Amino acid sequence: MSRHRDEHLALCAAHVVGALDDAGRVELEEHLASGCELCLAELRALSGGLTVFALSLPLQPAPAGARARVMAAVRAEAAKSKAGGEAKDVPAAPAERAAPAVVREEPRVVPLPTRPRPSFATWAWAAAAVVLAVAGVFAWRHTEELSAELERTRARNDAIRETLESERRWAAILEAPGARVVRLAPTGAGDSALAARVHLDPGTRRAILVAQAFTPGAGRDYELWAITPTGPASLGVVRADAGGRAVMRLEDVGDPATLAGFAVSLEPAGGSPDHRKPSGPVVMFGPIGG
Amino acid sequence: MSGSDRDGLLIERVAAQDQEALGELYDRYGDLLHSLAARIVGTGAEAEEVLQDTWLQAWRTAPSYDPARGAVAAWLVTITRSRALDRVRSMASRRRAESAAAVEAAAAPPPPVPDPATGYARRMLRKSVTAAVGELAPPQRQVIELAYLEGLSQSEIATRLRAPLGTVKSWTRQALLRLRERVPLEELP
């Protein structure tokens, strides 16, 4: 039994944020194995705190087809492990019986009983068994291929259906009653050719950014911000195509009643290290109602 | 039934190889895990791959999930963070060949939104968690970000912040307990 010490609580915290070294991990695991209720309760509380932290990160919804692709991968994994399990159930071939024993001693002549020659019927049965086995393998492989194709088709259909529904919902933003268009203008701190507007549906708090001439240059990214009463809040890095055009869908831009506007900053690749504050110059701004 | 109870039942079903249960967990946590992955590896194809790795690992290791050590959400978040940092390490050598994937990902539409009641509850939750993190003292927030999002050890964090190791340990614990206290998460929508 490993006695509880206060240091174990610090080990729990380091473990939860993934900052525990190997020695600490071994010590903590040994201690937890002794069933320390204090440390288990601590782990539960700390991991709850970590979940709160994770929930505070800027929302980046998974792409529409991601669910179908994840489920297809899981189905494939389940099928693979099932097939593996069945294969394990088949008894191993008695290879050692088939392989002749190698005798390196001086040969001693021992008369062996004469082995009876296989009859025609035996050969016929053996040949039929081989034909059946080969046919079985081909049929099994064909079925496997068909099942896999069916799975892929289902996944594609799921993805297409989800995409279609999603597109409809996003298209509805443009026609939603009360929808607003916030135009962002260059501030002078960046390229004057920058053009962007945000279509905002206050009812659902969703928005679409449409941008042009977003070519931040190597090693840099443009980042979109919502200007809230408590300061800026990152809405994510704007990914443009090679021509500098971007369409960014925003699931929740914050409370439209208190939003002051939107801004774009020029950041190091990947965005500002602090998602509550731009680290680079603000190159565009558009006030709501402006 | 509380959100945690429901998650507990779902993970038991996943451990029994129930794919539908995994789908339900995905619906509850897919966006959260993708957001975390995107924060660590950047948005785009890499984040989705992390998401896929995470769910596959959850599928394989659900039988080893131990509710005594934390909620299902925390378990999933921890898996995601590990897979994301693995990917960051493997990306380091082939950095910056990702623009095509990023552009493709940016064009991909987001998933269906939850029903209005759940959507509202989630927005409220997001508001309170953002406020809770915002109320942390800056060094407390930094130690969590450096450890959790950048994969630094506590010694490395102590060096980076020029603070004694013992202080870093204490900040980490205080920050997590403060967040837990501010948002108990008994009812994750």
Side-chain angles (χ1 to χ4, degrees), chain A residues 9-10 12-14 16-19 21 40 43-67 69-71 73-75 77-78 162-163 165-167 169-170 204-206 230 233 236-237 239-242 246-249 251-252 270 276, chain B residues 17 19 22-23 26 30-32 34-36 38-39 42-44 47-48 51-52 55-56 59 68-71 73-74 77 81-82 102-103 105-113 123 125-126 129-130 132-134 144 147-148 151-154 157 169 172-173 175-180 183 185:
Chain A
L9 299 178
C12 287
V16 166
V17 293
D21 58 23
L40 286 172
L43 275 182
R44 287 193 293 274
L46 293 168
S47 63
L50 188 72
T51 308
V52 172
F53 175 75
L55 281 163
S56 76
L57 298 172
L59 185 64
Q60 298 278 359
R67 187 186 195 279
R69 288 188 284 273
V70 164
M71 295 311 294
V74 168
R75 272 196 294 273
E77 174 85 10
E162 284 186 28
T163 305
E165 284 172 12
S166 173
E167 289 295 332
R169 273 192 291 268
W170 283 99
T204 62
R205 297 162 56 132
R206 287 190 292 160
T230 55
V237 165
R239 305 282 182 191
D241 63 16
V247 176
M248 186 174 176
R249 292 141 196 252
E251 194 62 51
D252 185 353
R276 281 175 295 275
Chain B
Q17 303 280 290
Q19 295 174 28
L22 189 93
Y26 181 99
D31 285 348
L32 166 66
H34 184 264
S35 301
L36 173 58
R39 177 65 179 77
T43 51
E48 190 182 327
L51 191 66
Q52 183 147 322
W55 288 106
L56 278 174
W59 174 255
R69 295 190 179 200
V77 157
R81 180 257 185 193
S82 299
V103 168
V113 289
R123 281 198 296 274
L125 175 65
R126 183 159 285 278
V129 296
T130 307
V133 172
I144 305 293
Y148 193 63
L152 265 57
S153 71
Q154 291 197 308
I157 295 170
K169 288 179 178 177
T172 309
R173 180 162 180 259
L176 291 174
L177 291 178
R178 178 75 53 89
L179 292 177
R180 165 70 183 176
V183 190
L185 282 184

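What's counted below: heavy atoms across the whole structure, side chains too, no hydrogens, waters or symmetry copies. What you are looking at is a predicted structure, and each value in this text was computed from that prediction instead of being measured. The chains referred to below are lettered A, B, ... by the order of the sequence lines, with proteins before strands, and numbering in each begins at 1.
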Legend entry - Largest heavy-atom contact set with chain B, pairs under 4.5 Å, which of A:L40, A:L59, A:D252: A:L59
Inset, instruction - Please flag which part of B:R173 lies under 4.5 Å from any non-hydrogen atom of chain A: side chain, backbone, both or neither. - result: both
Legend entry - N/O donor-acceptor pair under 3.5 Å between B:R69 side chain and A:L43 backbone: no
Inset, instruction - Check side chain to side chain donor-acceptor pair (under 3.5 Å) between B:R39 and all other residues, then give those that pass, not counting sequence neighbours. - result: none
Inset, instruction - Determine whether B:Y26 and B:L22 make a side-chain contact, defined as any pair of heavy atoms from C-beta on separated by less than 4.5 Å. - result: no
Inset, instruction - Please look at B:L152 and chain A and tell me whether the side chain, the backbone, both or neither of the residue comes under 4.5 angstrom of a heavy atom of that chain. - result: backbone
Inset, instruction - Sort A:D21 into side chain, backbone, both or neither according to what part of it lies under 4.5 angstrom from a heavy atom of chain B. - result: neither
Inset, instruction - Look at B:R126, B:K169, B:R81, B:Q52 and state which one has the largest set of heavy-atom pairs under 4.5 Å with chain A. - result: B:R126
Inset, instruction - Using non-hydrogen atoms and a 4.5 Å limit, figure out which bit of B:A68 sits close to chain A: side chain, backbone, both or neither. - result: both
Inset, instruction - Using atom types as modelled and distance alone, determine if a side-chain donor or acceptor of B:R180 lies under 3.5 Å from a backbone N or O of A:S47. - result: no
Inset, instruction - Identify the residue among B:L179, B:L177, B:T172 that makes a side chain to side chain contact (heavy atoms under 4.5 Å, CB included) with A:L46. - result: B:L177
Legend entry - Proximity breakdown for B:E48 and chain A, heavy-atom pairs closer than 4.5 Å: side chain
Inset, instruction - Examine whether an atom of A:T204 lies under 4.5 Å from a heavy atom of chain B, and if so say whether it belongs to the side chain, the backbone or both; otherwise answer neither. - result: backbone
Legend entry - Donor-acceptor contact present, side-chain B:S35 to main-chain A:Q60, <3.5 Å: yes
Inset, instruction - Using non-hydrogen atoms and a 4.5 Å limit, figure out which bit of A:R205 sits close to chain B: side chain, backbone, both or neither. - result: side chain
